[in-house]
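Here the structure is laid out as structure tokens; the discussion comes afterwards.
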Amino acid sequence: MPKEIQDVKVFLSLMKGSEAQGKDQNKEPKKNLYIKESKKITKFKLRGKKYLFTFKTADKNKAQKIQQTLPQNVNKIVIGAGGKKQQTKKKQKK
């Protein structure tokens, strides 16, 4: 089920999850944050257990600030205007 979040602070608190509650972050499962950039709008989509939380912004500066403040327990996946995925944390095969 999708839910759109209007407030930046609420969206950032959802991303941080257990860090805001003071729990051990090693027990927190990794979260995927999909960032879809287009010419006019940047969408941040955070997959939760029950909901897909979406935050939209047309301000490029605000989008960059959000990307810089991402917590470490979030796996960032950037989707460009062409629909191609670029994963920032790549797993290496041995």
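Looking only at side-chain heavy atoms (C-beta outward), K45 and L52 come within less than 4.5 Å of each other. Side-chain atoms of L12 and T69, non-hydrogen and from C-beta on, do get closer than 4.5 Å to each other. The side-chain heavy atoms of I79 and E37, taken from C-beta on, include no pair separated by under 4.5 Å.
Closest approach of F11 and F53 over heavy atoms only: CE1-O, 3.9 Å. Contact detail for M15 and P71: the closest heavy-atom pair is O-CG, 3.9 Å. Residues K76 and Q67 approach most closely at NZ-OE1, 4.2 Å, considering heavy atoms. Contact between Q6 and F55 at its shortest, heavy atoms only, is O-CE1, 3.6 Å.
To the nearest 0.5 Å, atom NZ of residue K65 and atom CG of residue L70 are 14.5 Å apart. For the atom pair CD1 of I66 and OG1 of T57, the computed distance is 6.0 Å after rounding to the nearest 0.5 Å. Rounding to the nearest 0.5 angstrom, the gap separating the NZ atom in K3 from the CG atom in L14 is 9.5 Å.
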Inset, instruction - Walk me through it: do T42 and K36 pass the test side chain to side chain contact (heavy atoms under 4.5 Å, CB included)? - result: CA-CA 6 Å; T42 303; K36 186 172 182 183; over 6 Å; no
Inset, instruction - Might you work through the side chain to side chain contact (heavy atoms under 4.5 Å, CB included) test for M1 and K50, ending with a clear yes or no? - result: CA-CA 7 Å; M1 296 268 314; K50 189 174 181 181; 5.9 Å; no
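Across I35, T54, I5, a single residue satisfies side chain to side chain contact (heavy atoms under 4.5 Å, CB included) together with F44, and that is I35.
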